[in-house]
Amino acid sequence: MSIDQSTAAKVAKLARIKVEDDALPALADEFNNILGFIEQLNEVDVEGVEPMTSVTPQRLKRRADEVTDGSQQDKVLANAPDAREGFFAVPKVVE
Amino acid sequence: MTELNKLTLAEARDALRKGDTTSVELTEACLKAIDAADALNAFVHKTPELAMERAKAADDRIKAGDAPSMCGLPIGIKDLFCTKGVPSQAASKILEGFKPEYESTVSQKLADAGSVMLGKLNMDEFAMGSSNETSVYGNAVSPWRRGNDDAQLTPGGSSGGSASAVAADLCLAATGTDTGGSIRQPAAFTGTVGIKPTYGRCSRWGIVAFASSLDQAGPMTKSVRDAAIMLETMCGHDPKDSTSAELAVPDFEAMLTGDIRGKKIGIPKEYRMDGMPGEIEKLWSDGAEMLKAAGAEIVDISLPHTKYALPAYYVIAPAEASSNLARYDGVRYGRRATLDAGDGITEMYEKTRAEGFGHEVQRRVMVGTYVLSAGFYDAYYNRARRVRTLIKKDFEDAFAAGVDAILTPATPSAAFGLGEMTEADPVQMYLNDVFTVTVNLAGLPGVAVPAGLDAQGLPLGLQLIGKPWEEGDLLNTAYALENAAGFVAKPQQWW
């Protein structure tokens with residue numbers, strides 16, 4: 001499996017990280033280097049082996065579906081880069 | 001009495017209880033040492049006022065006779081832990097200015113026990129690195145040097161600031177976190193002790209997430225006894241972390257008898273890597289001899305899938321990171337990029353993340369995005385999770401055959417120089433974790449113990465791996481190894 005520049009650009013887009021066009025060849029090379037390392041996994045016989053979902057054999061606990069917290073609008077917004085009138089503010093989303 | 005900042009946790013605790021010193025005196029000594037050690041770049045956010053406030057409160061508690069072991073003891077906290085009202089940046093530009101409105105469970109437990117936070121410690125950005133060179137704060141520097149050579153060395157990573165601060169006696173102990181070796185590798189590089197407990201022992205709540213199925217917090221200390229004392233305070237069930245284990249926390253310190261007669265210690269043949277330096281090989285066999293002399297039985301074991309641990313890790317960890325780091329969008333906290341007129345929300349995300357994440361973090365987020373993307377999920381992510389099942393089974397088989405603990409080198413080499421790996425490809429850097437990453441994938445406890453010096457006078461560590469939830473027994477074996485190795489070297493102060 002080899003990653004070309006257009007795949008690298010697609011991955012950057014999916015990850016929402018802006019990568020300039022002139023940086024794409026180097027990025028594709030880095031991906032190929034790392035993926036080449038990962039390819040070793042193809043040597044392993046994994047027939048019939050379950051993918052691990054939990055490293056310790058514990059069941060995730062359930063809890064009652066009830067409100068235990070809230071009314072902390074100021075604290076929730078305290079670290080926002082742009083908060084206005086009690087809301088997070090973002091650039092215009094719809095035309 | 002020796003200088004107060006040079007005490008171990010156990011020595012300081014005993015001195016406090018006897019009334020030989022006060023938390024205020026201990027804290028002042030550490031703050032002074034910290035201010036004189038800016039060259040190490042270990043403490044990146046100092047909190048002296050908060051520290052003095054907590055020290056005074058601790059002295060009151062000690063006077064009132066209500067003093068748990070950690071009460072009054074000054075420690076450092078890795079920047080990955082959210083600490084209320086104190087910058088918590090995970091050493092990333094994207095969290096610039098972030099001051100949490102809450103406290104992580106682990107740092108809260110330490111505070112509740114009366115310990116004194118001196119400040120926040122340097123680390124690799126989002127704990128992604130093995131040399132503390134990916135930090136937005138710049139490199140943390142090891143107090144150790146190669147003889148008289150003044151080249152700066154790495155304290156390891158990602159908990160590099162923690163390791164540097166403990167080794168240089170800037171604090172009595174520090175918290176670290178370990179996703180692939182980030183406690184044990186820096187401990188080994190700096191002649192300190194670091195334990196990563198069983199997955200689920202320490203709550204992950206309030207610790208900035210890197211790879212949630214691998215991340216664990218643990219103590220970094222000057223001795224095995226100190227690791228036992230501090231770990232006990234950090235552990236325990238937390239309803240706010242659904243993977244936190246509902247198990248009683250034993251008195252780890254009381255389990256340090258040093259008696260390991262009859263214990264079976266496994267030596268995994270797959271850890272004998274091609275091109276392993278002779279010094280590491282010798283350290284390892286010397287360690288086995290020491291445990292044997294202490295009455296343990298040494299047995300050869302096989303962990304056949306060891307070779308595939310790093311490649312599996314470099315699928316699973318980036319995959320989880322790409323998901324965890326999706327929250328850094330420039331909306332809810334941290335830093336938003338300056339936008340051009342007409343930029344919409346997608347440009348805001350893309351510019352914010354391009355500016356805010358460093359190179360290594362971007363690379364891992366994108367690799368993770370790729371291995372999880374449609375068409376590759378099975379070939380990469382599911383295959384890696386299957387291999388992870390096999391790696392865990394290797395350990396289960398060894399323990400089922402009667403092995404109590406496994407002895408390995410902690411790192412493939414002594415500390416390298418800062419900048420020396422810059423030209424190497426990322427995979428070369430990843431190899432630092434070759435002996436530690438298996439333990440995270442299997443969710444087991446692992447401890448690094450300083451065991452010797454290399455020809456250049458740099459510390460080398462050995463790793464002991466234990467059974468799940470058997471940190472007490474593991475620490476006791478580590479204690480026996482520590483006693484036998486008699487490691488007492490300290491870095492010469494140059495800073």
Side-chain angles (χ1 to χ4, degrees), chain A residues 1 3 7-8 10-20 23 27 29-31 33-58 60-63 68 72 74-83 88-95, chain B residues 97-101 198-200 213 239 242-243 245 305 307-308 310-312 314-315 322 329-336 339 343-351 353-354 357 362-363 365-367 369-370 373 380 382-390 392 425-427 430 441-443 468:
Chain A
M1 182 65 58
I3 291 197
T7 311
K10 189 178 155 221
V11 171
K13 188 78 191 168
L14 284 172
R16 297 290 183 269
I17 295 174
K18 186 177 173 62
V19 177
E20 301 295 343
L27 184 65
D29 283 350
E30 284 179 8
F31 285 166
N33 183 10
I34 294 167
L35 292 173
F37 179 63
I38 292 168
E39 297 287 323
Q40 291 178 67
L41 295 177
N42 292 330
E43 299 166 13
V44 186
D45 180 5
V46 293
E47 194 57 39
V49 178
E50 280 296 305
M52 184 185 285
T53 47
S54 170
V55 72
T56 48
Q58 58 188 160
L60 288 187
K61 269 185 72 112
R62 294 180 174 189
R63 61 170 170 77
T68 56
Q72 305 187 43
D74 292 353
K75 286 185 177 180
V76 169
L77 294 172
N79 279 291
D82 190 0
F88 293 111
V90 296
K92 197 165 153 188
V93 181
V94 284
E95 293 304 320
Chain B
F98 177 55
K99 286 187 185 175
E101 295 286 337
T198 314
Y199 182 81
S213 79
S242 61
T243 60
H305 296 91
K307 180 185 167 197
Y308 302 105
L310 265 182
Y314 277 97
V315 174
S322 75
D329 55 5
V331 176
R332 287 160 295 168
Y333 29 67
R335 191 177 177 285
R336 179 184 294 183
L339 303 180
D343 278 351
I345 195 153
T346 304
E347 287 81 13
M348 183 197 70
Y349 293 149
E350 290 180 348
K351 288 184 177 178
R353 291 162 64 83
F357 291 146
Q362 290 192 19
R363 180 160 50 213
V365 167
M366 287 192 273
V367 166
T369 304
Y370 180 74
S373 62
Y380 289 112
N382 274 341
R383 175 168 282 268
R385 290 197 302 141
R386 288 195 162 100
V387 172
R388 187 175 179 188
T389 300
L390 293 171
K392 184 171 179 237
D425 72 62
V427 172
Y430 298 168
L441 288 169

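No experiment lies behind these values; they were computed from the predicted model shown. Proteins get letters first, then strands, A, B, ... in listed order; numbering begins at 1 in each.
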Keeping [X] on the side-chain end and [Y] on the backbone end, is there a donor-acceptor pair under 3.5 Å?
X: T389(B); Y: E50(A); value: yes
X: N79(A); Y: K99(B); value: yes
X: R353(B); Y: R16(A); value: yes

Interchain contact, [X] with chain A, by part (heavy-atom threshold 4.5 Å):
X: A442(B); value: backbone
X: L310(B); value: both
X: S322(B); value: neither

Between [X] and chain B, with a heavy-atom cut-off of 4.5 Å, which part of the residue counts as in contact: side chain, backbone, both or neither?
X: A83(A); value: neither
X: F37(A); value: both
X: T53(A); value: both
X: L27(A); value: side chain

Shortest non-hydrogen contact between [X] and [Y], atoms and distance:
X: P91(A); Y: M348(B); result: CD-SD, 3.5 Å
X: P81(A); Y: G334(B); result: CG-O, 3.5 Å
X: Q40(A); Y: P311(B); result: NE2-CG, 3.7 Å
X: Y199(B); Y: T56(A); result: O-CG2, 3.5 Å
X: F88(A); Y: V331(B); result: CD2-O, 3.4 Å
X: F31(A); Y: R363(B); result: CE2-O, 4.2 Å

Contact between [X] and [Y] at the side-chain level, heavy atoms closer than 4.5 Å - yes or no?
X: E350(B); Y: K13(A); result: yes
X: V55(A); Y: K392(B); result: yes
X: V427(B); Y: E30(A); result: no
X: Y380(B); Y: L41(A); result: no
X: Y430(B); Y: I34(A); result: yes
X: L390(B); Y: M52(A); result: no
X: N42(A); Y: R383(B); result: yes
X: Y308(B); Y: E43(A); result: yes

- What residue, out of P100(B), G344(B), P239(B), P426(B), has the most heavy-atom pairs lying under 4.5 Å from chain A?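 That would be G344(B).
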- Message: Under a 4.5 Å cutoff for heavy-atom pairs, which residue among K351(B), K307(B), E347(B) has the most contacts with chain A?
- Response: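 Looking at each of K351(B), K307(B), E347(B) in turn, K307(B) comes out on top.
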- Message: Working to the nearest 0.5 angstrom, can you tell me the gap between Y370(B) OH and I38(A) CD1?
- Response: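 If I round to the nearest 0.5 Å, the distance is 9.5 Å.
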- Spatial distance of atom CE (M366(B)) from atom CD1 (I3(A)) [nearest 0.5 Å]: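 Going from the CE atom of M366(B) to the CD1 atom of I3(A) covers 10.5 Å.
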- Message: Quick check on the interface: out of A15(A), A89(A), P51(A), who has the most heavy-atom pairs with chain B under 4.5 Å?
- Response: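 Going by pairs under 4.5 Å, I would pick P51(A).
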